[in-house]
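The structure appears right after this line, and notes come after that.
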Amino acid sequence: PRWAVAFKFPAEQETTLLKAIKVNVGRTGAVTPYAVLEPVILAGTTVSMATLHNAEDVARKNLQEGDTVIVEKGGEVIPKVVAPIVSQRPKNSSAWVMPDVCPACSSRLRRSDNEVVWRCENISCPAKLRRSLEHFASRSAMRVEGLGESLVAQLLDSGLVRDFADLYGLTVDQI
């Protein structure tokens with residue numbers, strides 16, 4: 001029926017410079033590439049980073065550092081790189097290669113044959129611990145009010161917290 005049909009406007013797109021492709025380590029050890037962009041206004045917000053999903057997605061899109069790229073917001077929320085403008089590619093650019101060591105702990109990254117995800121398998125990787133503590137304190141887990149990214153970083157950097165149990169031993173004087 002006509003009343004059930006929704007019209008969707010095409011996503012707003014802008015062009016910007018892909019300054020770098022970096023990788024991020026998640027709480028499960030998944031290492032994911034992301035784009036560092038020249039800031040651009042897109043759908044009312046300033047976008048300076050965008051998701052790239054995985055190394056195969058970067059290769060499929062033929063993205064290279066220094067490219068001029070088309071960026072849009074998927075679902076009008078999440079910034080993503082749609083495609084490079086190959087005609088504007090710098091002459092000295094080269095294909096991006098997924099690093100083979102973890103950026104946080106320098107352990108070797110591994111990828112199983114049936115997955116596209118590269119993982120850091122070091123159980124004491126500081127990036128994995130940081131992301132795990134952030135998840136542990138989140139609303140969907142323990143709901144530790146006030147314990148967000150910046151406080152987790154401060155606690156880890158100061159050495160007050162080395163694992164989850166250390167959170168319960170903190171005193172007011174230490175904080």
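- With sequence neighbours excluded, no residue forms a salt bridge (Lys or Arg N to Asp or Glu O under 4.0 Å) with Arg139.
- Residues Leu18 and Met98 share a hydrophobic cluster, clusters being chains of Ile/Leu/Val/Met/Phe/Trp/Tyr side chains in contact below 4.5 Å.
- Checked against side-chain contact (heavy atoms from CB on, under 4.5 Å), Ala20 has the following partners two or more places apart in sequence or in another chain: Lys22, Val36, Glu65.
- A search for salt bridge (Lys or Arg N to Asp or Glu O under 4.0 Å) contacts involving Asp100 returns Arg108, not counting sequence neighbours.
- Within the 4.5 Å cutoff, side-chain heavy atoms of Val47 are placed close to those of Thr45.
- Remark: side-chain polar atoms of Lys73 are not paired, donor with acceptor, to backbone N or O of Glu12 under 3.5 angstrom.
- The closest side-chain heavy-atom distance from Ile21 to Val58 is below 4.5 Å.
- Within the structure, the salt bridge (charged side-chain N to carboxylate O under 4.0 Å, His left out) test picks out no pair touching residues 158-175 (sequence neighbours left out).
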- Message: Test side chain to side chain contact (heavy atoms under 4.5 Å, CB included) on His135 and Ser140; report intermediate values, then the result.
- Response: CA-CA 8 Å; His135 174 74; Ser140 60; 4.1 Å; yes
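- Taking both residues in full, the closest heavy atoms of Ser48 and Pro39 are given as CB-CG, 4.2 Å, listed atom of the first, atom of the second, then distance.
- Trp118 contributes atom CH2, which lies 13.0 Å from atom SG of Cys102 (distance to the nearest 0.5 angstrom).
- Judged by distance alone, the side chain of Lys61 and the main-chain N or O of Val81 form a donor-acceptor pair under 3.5 Å.
- In this structure, the separation between OG on Ser107 and CD on Glu121 is 9.5 Å, given to the nearest 0.5 Å.
- In this structure the side chain of Ile85 reaches within 4.5 angstrom of the side chain of Ile70, judged on heavy atoms.
- Heavy atoms only, all atoms of each residue included: Asn62 and Pro84 are closest at O-CG, 3.6 Å.
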- With side chain to side chain contact (heavy atoms under 4.5 Å, CB included) as the test, would you mind laying out the steps for Leu37 and Leu17 before giving the verdict? CA-CA 6 Å; Leu37 307 167; Leu17 177 69; over 6 Å; no
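- In this structure, Glu14 has no salt bridge (Lys or Arg N to Asp or Glu O under 4.0 Å) partners at least two apart in sequence or on a different chain.
- Nearest heavy atoms, Ile123 versus Lys128: CA-NZ, 4.3 Å.
- Contacts of Thr51 classified as side chain to side chain donor-acceptor pair (under 3.5 Å), with partners at least two apart in sequence or in another chain: none.
- Checked by atom type and distance alone, the side chain of Thr16 pairs as donor or acceptor with a backbone atom of Glu38 at under 3.5 Å.
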Only distances under 3.5 Å count here; give the side-chain donor-acceptor pairs of residues 24-33 to other protein atoms, sequence neighbours excluded, each with its distance to 0.1 Å.
residue	atom	partner	partner atom	Å
Asn24	OD1	Arg131	NH2	3.0
Thr28	OG1	Arg119	NH1	3.2

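- Between Val82 and Val69 there is no side-chain heavy-atom pair separated by less than 4.5 Å.
- The stretch residues 145-160 participates, sequence neighbours left out, in these salt bridge (charged side-chain N to carboxylate O under 4.0 Å, His left out) pairs: Arg130-Asp157.
- Hydrophobic side-chain contacts under 4.5 Å tie Ile175 into a cluster, directly or through other members, with Leu129, Leu133, Phe136, Met142, Val144, Leu147, Leu151, Val152, Leu155, Leu156, Leu160, Val161, Phe164, Leu167, Tyr168, Leu170.
- In this structure, Lys80 has no side chain to side chain donor-acceptor pair (under 3.5 Å) partners at least two apart in sequence or on a different chain.
- Contact annotation: the side chain of Val101 never approaches that of Leu109 to less than 4.5 Å [non-hydrogen atoms, C-beta and beyond].
- Atom CZ in Arg110 sits 14.0 Å away from atom CD in Glu115 (nearest 0.5 Å).
- Two residues are said to be in side-chain contact when any heavy atoms from C-beta on lie closer than 4.5 Å; Leu63 and Leu52 meet this criterion.
- Judged by distance alone, the side chain of Asp67 and the main-chain N or O of Gln64 form a donor-acceptor pair under 3.5 Å.
- In this structure Arg143 satisfies the salt bridge (Lys or Arg N to Asp or Glu O under 4.0 Å) test with no other residue, sequence neighbours excluded.
- Checked against side-chain contact (heavy atoms from CB on, under 4.5 Å), Ala83 has no partners two or more places apart in sequence or in another chain.
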